[in-house]
Amino acid sequence: MRAILLHGTDGSNESNWIPWLKQQLVKRGFEVYAPSLPNAALPNGEEWSKYVVQNTPFEFDNNTIIIGHSAGAALIPMLLQKLPSGTRIKKAIFVSGFYTDLGWDKLKNLQNVEVDYDKVRQKCNEFIFLHSDDDPYVPMKEPQKLVAKLGGKLTIIKGQGHFNLGASPKYKEFPKLLSVILREDALQNLYLASSFRGVGVADLIMTDIEALLGKPATEIQLSYITTAGNLHPSDKKDWINEGRIILQKRGWQVFDYDIAGKTEAEVLEELNNRDVIFVQGGNNFYLLEQMHHCNFSKVARKILAKGVPYIGESAGAIVCAKDLHDQQYMSGDPNLAKNLTNFSGLGLVNFLVKPHWNRTGEKRQKFSRFLHETPDEFYSISQPIICLNDDQLIRVEGDSFQIW
């Protein structure tokens with residue numbers, strides 16, 4: 001992997017977090033180019049973009065990431081536009097980026113290159129924008145304009161000024177930016193539900209995924225992983241059958257798949273061919289055991305990094321946590337997974353999911369029994385717990401989430 005780090009006005013390759021970020025990326029095997037751009041006090045877009053193209057010591061390709069801060073971010077569209085026809089980089093990250101000259105005399109030559117944004121979009125797979133809600137120099141309308149022109153995701157981080165040493169001495173480092181660069185699940189899209197059949201839940205999920213994929217319902221192919229229900233009698237799998245019917249009525253193409261007994265290569269081949277992964281409910285510990293056998297965590301991360309959405313219902317949502325040891329005090333019976341010794345989950349979220357929170361009857365009695373029999377263990381759980389009703393879901397995008 002390769003990275004280009006572009007500083008801002010009056011800066012250099014020693015400014016703010018640039019040296020730290022370069023060091024962190026090199027440690028991780030990146031080839032990094034962090035130039036001190038010429039005449040940084042009076043940035044010139046034509047001069048800067050030509051300088052970077054001519055002096056970058058490696059090829060611009062799908063393994064290249066460009067990160068720009070402030071004026072360095074404003075340079076990115078001009079730089080991409082200069083790349084040869086057919087060249088496409090992996091991602092461009094704009095930190096405190098802007099679209100105009102902000103009314104500053106020293107920036108009047110920064111935007112001296114006419115930009116064809118249609119052409120720029122063709123030169124990059126992903127555009128990411130980081131901005132603070134209290135940036136003293138760059139108002140919010142500036143990155144919003146860039147997003148309107150280029151697409152991509154704008155992440156607002158509160159109270160961080162211009163992400164520079166003028167805002168805080170902590171900006172000798174920038175861990176959040178590093179995580180955005182490194183995160184292979186940057187495109188991670190998860191839909192974690194208590195019940196897919198809950199009021200309004202399926203419609204919320206399917207409508208959002210259709211918009212996300214940009215495909216009509218009839219073209220969407222889904223791997224329907226039924227493994228968690230294997231221990232249930234064949235006539236008591238209503239949630240699996242009814243969920244499948246909902247998807248098929250929408251027009252989605254549903255392909256049942258059981259990961260039990262499968263190899264990593266077999267699972268990867270199956271999931272590689274689908275637009276969506278749906279992991280059904282049942283016994284979460286048995287499901288986890290089967291996931292370990294086929295290295296499902298590794299496979300899922302590869303698939304999710306491509307932007308494939310993941311739907312998890314009940315057990316399928318539970319296994320997304322980093323560690324499931326504490327789930328035995330809330331749901332599921334680990335004794336049914338006789339060979340399970342490792343409680344590591346998929347590690348896609350940093351919380352536990354307690355589904356069916358609003359259910360009475362057997363579900364409520366079972367949870368009450370857990371509380372009665374193991375109160376000390378339950379109240380010693382240190383991981384955050386999200387309790388979901390059957391008409392709710394957790395929508396995870398990248399490293400943030402909402403409850404719908």
Side-chain angles (χ1 to χ4, degrees), residues 190-202 204-205 225-233 235-240 242-243 278-292 296-297 310-396 401-404:
L190 313 179
Y191 301 80
L192 308 182
S194 174
S195 171
F196 189 66
R197 301 166 296 156
V199 177
V201 172
L204 274 175
I205 292 175
I225 298 176
T226 60
T227 305
N230 284 354
L231 302 184
H232 291 69
D235 60 344
K236 293 185 178 180
K237 297 183 180 182
D238 54 304
W239 71 94
I240 293 177
E242 291 174 17
F278 191 138
V279 180
Q280 262 295 355
N283 185 279
N284 42 273
F285 292 109
Y286 171 78
L287 174 61
L288 186 64
E289 180 181 54
Q290 300 308 316
M291 285 183 163
H292 287 327
F296 189 87
S297 177
Y310 174 104
I311 304 171
E313 179 180 15
S314 193
I318 288 172
V319 294
C320 289
K322 184 177 181 180
D323 186 282
L324 268 66
H325 180 269
D326 291 332
Q327 277 289 351
Q328 64 186 303
Y329 308 122
M330 295 191 293
S331 57
D333 184 357
N335 294 317
L336 296 176
K338 298 178 180 179
N339 298 313
L340 182 66
T341 57
N342 178 3
F343 287 89
S344 297
L346 300 182
L348 301 177
V349 296
N350 63 351
F351 50 79
L352 299 173
V353 176
K354 174 65 183 82
H356 315 305
W357 185 247
N358 60 321
R359 286 201 193 176
T360 56
E362 183 181 349
K363 293 286 186 183
R364 180 69 56 84
Q365 292 171 10
K366 191 172 184 180
F367 183 55
S368 296
R369 187 167 66 251
F370 285 144
L371 286 177
H372 177 72
E373 295 175 354
T374 57
D376 292 340
E377 289 85 351
F378 175 78
Y379 287 108
S380 67
I381 295 174
S382 60
Q383 298 181 76
I385 303 170
I386 296 181
C387 301
L388 280 184
N389 292 338
D390 282 351
D391 61 351
Q392 297 174 321
L393 68 110
I394 306 168
R395 171 68 169 98
V396 181
F401 72 89
Q402 297 177 326
I403 297 179
W404 289 0

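Basis for what follows: all heavy atoms, side chains included, without hydrogens, waters or symmetry-related copies. Starting from 1, each residue takes its place in the sequence as its number.
Separation of the F278 and F196 ring centroids falls under the 6.0 Å cut-off. Aromatic ring centroids of Y379 and Y329 lie 6.0 Å or more apart.
Considering only heavy atoms from C-beta on, V279 stays 4.5 Å or farther from E313 through its side chain. Between L388 and L393 the shortest side-chain heavy-atom distance does not fall below 4.5 Å. Between L352 and M330 the shortest side-chain heavy-atom distance falls below 4.5 Å. Contact check for C320 versus Y310: side-chain heavy atoms found under the 4.5 Å cut-off. With a 4.5 Å cut-off on side-chain heavy atoms, Q392 and W404 do not count as touching. Taking 4.5 Å as the limit, every side-chain heavy atom of I394 sits out of range of all side-chain heavy atoms of L190. Between R359 and S195 there is a side-chain heavy-atom pair separated by less than 4.5 Å. Contact of the F378 side chain with the Q328 side chain is not registered, since no non-hydrogen atoms from C-beta on lie closer than 4.5 Å.
Taking CZ from F343 and NE2 from H325, the interatomic distance works out to 5.5 Å, rounded to the nearest 0.5 Å. With rounding to the nearest 0.5 Å, the separation of OG in S194 from CG in N389 is 7.5 Å. Interatomic distance, I318 CD1 to N283 CG, rounded to the nearest 0.5 Å: 9.0 Å. Going from atom CG of D326 over to atom CD1 of I385 covers 7.5 Å, rounded to the nearest 0.5 Å.
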Can you check side chain to side chain donor-acceptor pair (under 3.5 Å) on H356 and S314, steps first, answer last? CA-CA 8 Å; H356 315 305; S314 193; 2.9 Å; yes

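Under the rule for a salt bridge (Lys or Arg N to Asp or Glu O under 4.0 Å), the partners of E242 that lie at least two apart in sequence or sit in another chain are R197.
Geometrically, K322 does not engage F351 in a cation-pi contact defined by less than 6.0 Å to the ring centre and at most 45° from the axis.
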